[in-house]
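Following: one structure in structure tokens, then a few remarks.
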Amino acid sequence: MLPKILKNDYHEATKLSFLSVQIDPNYVDAATQPAPFKRYPKFFRRFTLDLENPTHSFLHFTSAITAQKMYREGAYSLRVNPSAGALYPTEIYVQVRGINGLLDGIYHLEVETKSLTLIYELIDDGLEGYLVDSRLIKGYIFLVSCVYFRSSWKYKNRSLRYCFLDSGHHLGAIEASAYVQDYTTQILFDFDHLALNDDLGFENKELIAAAIVVGNVKEKAVRRLRSPIPFVCGTDYFEPNRFVEAGYKQTLLPTNHQQEILQPNFKFEKAKFLESIQKRRSARRFHQSQITQEEFFIVWESLNQPIATHSDEAIEIYAVIQSVAGIEPGIYRGKDGLKTGNFREKMGYLCVNQAIARDSAVLFFFVSEFQNYRVALQLAGLIGQRVYLSATYLGLGCSGIGAFFDDEIQAFLEAKGSILYAIAIG
């Protein structure tokens with residue numbers, strides 16, 4: 001039985017250090033990897049997405065395969081959203097209501113086949129009944145879930161933070177696809193997660209992390225689903241991780257910080273931005289070459305845009321400038337310079353001896369004195385997705401870094417908050 005852990009101690013319990021990495025180098029047998037795609041049985045109705053149709057294109061690019069790569073252990077499908085270890089624990093469900101050409105219902109977005117699987121047909125009920133405001137939404141309600149065993153198979157307890165970061169990246173992918181279509185969004189973190197997990201038939205094997213509304217609110221109230229959806233496992237086999245399950249439940253209290261909803265004001269050319277969504281990759285190596293000030297500030301402006309949610313966890317952004325033309329190398333918090341110097345070797349070491357950290361032009365660290373761990377990590381992942389897409393738009397490489405020596409980086413940056421995420425461009 002796990003000892004009782006306070007909600008903010010889940011971060012402490014998943015930290016890495018030089019010693020912990022030596023004791024547990026985290027080797028796994030690739031042949032035992034659980035299936036990366038969820039498939040509903042064949043008798044569920046499927047609708048193939050036609051990318052010439054703007055509605056279908058919007059849905060497709062919220063969760064799509066964009067490339068295939070061959071490795072020694074087999075083929076990997078790369079997607080619009082990055083994922084720790086390319087394990088892709090997140091799934092997308094979307095409720096569609098009042099959209100021409102689609103039945104009113106709840107669909108699973110089946111990324112493997114580019115199709116929508118109808119798992120529930122609406123009458124007078126819907127996902128609105130689980131939200132704080134149960135009024136009918138004409139348009140779309142997206143749910144981002146985590147089939148956590150895909151991640152915990154390799155990363156064990158630390159997969160709790162990776163699942164939340166990955167779900168944040170997926171929120172960012174939905175935000176990006178909505179931007180291309182000129183849709184506004186609202187991200188929801190506070191709702192009845194447990195009842196929704198039960199009624200969607202997830203048992204303990206899949207966990208709803210967040211929701212995004214893309215649509216118009218009507219005055220009519222909507223009740224909860226009139227019957228639960230049958231259970232379908234998201235992997236071919238499953239091993240529970242009680243630490244992850246308990247950590248998830250500890251984060252389901254409403255967020256304490258509320259803010260006005262403001263839409264981000266991106267300034268990308270839409271057609272080129274769509275190409276960036278399709279071309280986004282995680283860089284495997286960087287050359288130690290400069291990027292321009294203009295490129296740096298375009299990325300900086302993108303990641304600092306408002307996030308369209310009532311729930312707020314303040315994220316401080318530290319930039320370790322390593323090679324930007326006209327900017328002195330060093331550590332910056334926002335616009336404030338904290339420490340000058342060449343820290344390439346130090347960055348490589350602190351990020352578990354990864355060359356991408358040493359050789360990048362800029363390393364961003366996302367830091368927070370959070371109250372709600374899930375929300376803070378998802379916000380960090382969403383901001384990370386913005387970095388990926390703006391860097392790709394500029395022709396730069398980008399790579400998220402989830403593995404680092406937490407306490408040593410916190411001390412090096414002299415940061416008060418916890419280190420949530422690192423992301424490199426160059």
Side-chain angles (χ1 to χ4, degrees), residues 11 62 80-84 90 144 161-179 185-189 209-210 212 255 257 259 261-268 273 276-277 280 282-283 295-321 332-335 351 357 360 362-394 396-402 404 409 413 415 417-425:
H11 184 77
T62 65
V80 293
N81 54 300
S83 173
T90 51
V144 181
R161 64 166 77 184
Y162 292 153
C163 281
F164 291 154
L165 283 171
D166 281 5
S167 61
H169 272 289
H170 225 141
L171 291 173
I174 297 169
E175 176 191 70
S177 189
Y179 170 72
T185 61
Q186 180 182 348
I187 301 172
L188 306 175
F189 296 111
I212 291 190
T255 49
H257 306 296
Q259 64 180 4
I261 293 178
L262 297 173
Q263 295 296 321
N265 182 27
F266 300 121
K267 297 176 182 176
F268 302 113
F273 191 73
S276 301
I277 291 173
R280 184 219 62 81
S282 292
E295 289 169 334
F296 171 75
F297 285 118
I298 288 172
V299 174
W300 181 257
E301 182 181 14
S302 171
L303 64 89
N304 279 286
Q305 288 295 317
I307 297 175
T309 181
H310 277 308
S311 304
D312 181 40
E313 289 287 353
I315 308 289
E316 275 196 309
I317 300 171
Y318 288 70
V320 180
I321 303 290
Y332 296 78
R333 183 180 60 213
K335 296 179 180 179
C351 292
S360 62
V362 183
L363 259 177
F364 296 106
F365 290 97
F366 302 156
V367 180
S368 180
E369 297 182 74
F370 56 84
Q371 294 297 312
N372 189 307
Y373 190 42
R374 171 178 55 89
V375 173
L377 281 168
Q378 288 181 99
L379 292 174
L382 186 152
I383 297 169
Q385 186 73 5
R386 292 176 174 181
V387 176
Y388 262 104
L389 291 175
S390 56
T392 304
Y393 185 89
L394 296 168
L396 301 176
C398 182
S399 184
I401 300 173
F404 41 77
I409 287 183
L413 297 178
S418 300
I419 312 301
L420 301 180
Y421 196 24
I423 193 160
I425 63 171

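Sequence positions, counted from 1, serve as the residue numbers for this chain. Here the structure is a predicted model, which means the values were calculated and not measured.
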Practice problem: Would you confirm whether Y421, through its side chain, and G384, through its main-chain N or O, come within 3.5 Å as a donor-acceptor pair? | Solution: no
Quiz item: Looking only at heavy atoms, what is the nearest atom pair of T309 and Q259, with distance?
Solution: O-NE2, 2.9 Å
Practice problem: Using the side-chain contact (heavy atoms from CB on, under 4.5 Å) rule, take I298 and Y393 through it: C-alpha gap first, then chi angles, then the decisive distance, then the call. | Solution: CA-CA 10 Å; I298 288 172; Y393 185 89; 5.6 Å; no
Exercise. Using a 4.5 Å cut-off on heavy atoms from C-beta on, say whether the side chain of F189 contacts that of L379.
Key: yes
Quiz item: Between the main-chain N or O of V80 and the side-chain N or O of R280, is there a donor-acceptor pair closer than 3.5 Å?
Solution: yes
Quiz prompt | V144 and its side-chain contact (heavy atoms from CB on, under 4.5 Å) partner, picked from N81, I187, T90, D166 | solution = T90
Quiz item: Counting only N and O atoms by type, is there a donor-acceptor contact under 3.5 Å from the side chain of Y373 to the main-chain atoms of F164?
Solution: no
Exercise. Identify the heavy atoms of I419 and H11 that sit nearest to each other, and give their distance.
Key: O-CE1, 3.3 Å
Self-check item: Flag side-chain contact, heavy atom, 4.5 Å: F366 against I317
Solution: yes
Quiz item: Shortest non-hydrogen contact from S276 to T392?
Solution: O-CG2, 3.7 Å
Quiz prompt | Value rounded to 0.5 Å, distance of CD in E316 from OG in S418 | solution = 11.5 Å
Quiz item: Roughly how far apart are H310 NE2 and I261 CD1, rounded to 0.5 Å?
Solution: 3.5 Å
Exercise. May I ask you to test the Y318-V320 pair for a side-chain heavy-atom distance under 4.5 Å?
Key: no
Quiz item: Do L389 and I277 have side-chain heavy atoms sitting under 4.5 Å apart?
Solution: yes
Exercise. Determine, stepwise, if the pair I321 / Y332 fulfils side-chain contact (heavy atoms from CB on, under 4.5 Å).
Key: CA-CA 7 Å; I321 303 290; Y332 296 78; 3.5 Å; yes
Quiz item: Would you call the rings of F266 and F273 parallel, tilted or perpendicular if under 30° counts as parallel and over 60° as perpendicular?
Solution: parallel
Exercise. Can you see which heavy atom on A209 is nearest to which on R374, and at what distance?
Key: O-NH1, 3.0 Å
Quiz item: How far does CD of E313 sit from CG of L377, to the nearest 0.5 angstrom?
Solution: 10.0 Å
Quiz item: Between I315 and A376, which heavy-atom pair has the shortest distance, and what is it?
Solution: CD1-O, 3.8 Å
Quiz item: Atom CG of L394 and atom CZ of F268: how far apart are they, to the nearest 0.5 Å?
Solution: 7.0 Å
Practice problem: Would you check if V387 and C398 make a side-chain contact, meaning some heavy-atom pair closer than 4.5 Å? | Solution: yes
Quiz item: Stepwise, does the side-chain contact (heavy atoms from CB on, under 4.5 Å) test hold for Q385 with E175?
Solution: CA-CA 10 Å; Q385 186 73 5; E175 176 191 70; over 6 Å; no
Exercise. Classify the ring geometry between W300 and F296 as parallel (under 30°), tilted (30 to 60°) or perpendicular (over 60°).
Key: parallel
Quiz item: Can you tell me how far the OG atom of S282 sits from the CD1 atom of I423, to the nearest 0.5 Å?
Solution: 8.0 Å
Quiz item: What closest approach, in Å, do A391 and I425 show between heavy atoms, and which atom pair accounts for it?
Solution: CB-CG2, 4.1 Å
Quiz prompt | Euclidean distance, I383 CD1 relative to H169 NE2, rounded to 0.5 Å | solution = 10.5 Å
Quiz item: Between the side chains of T185 and Y179, does any donor sit under 3.5 Å from an acceptor?
Solution: no
Exercise. Determine yes or no for a side-chain-to-main-chain donor-acceptor pair under 3.5 angstrom, with E369 supplying the side chain and G417 the backbone.
Key: no
Quiz item: How about R386 and P264: do any of their side-chain heavy atoms sit closer than 4.5 Å?
Solution: yes
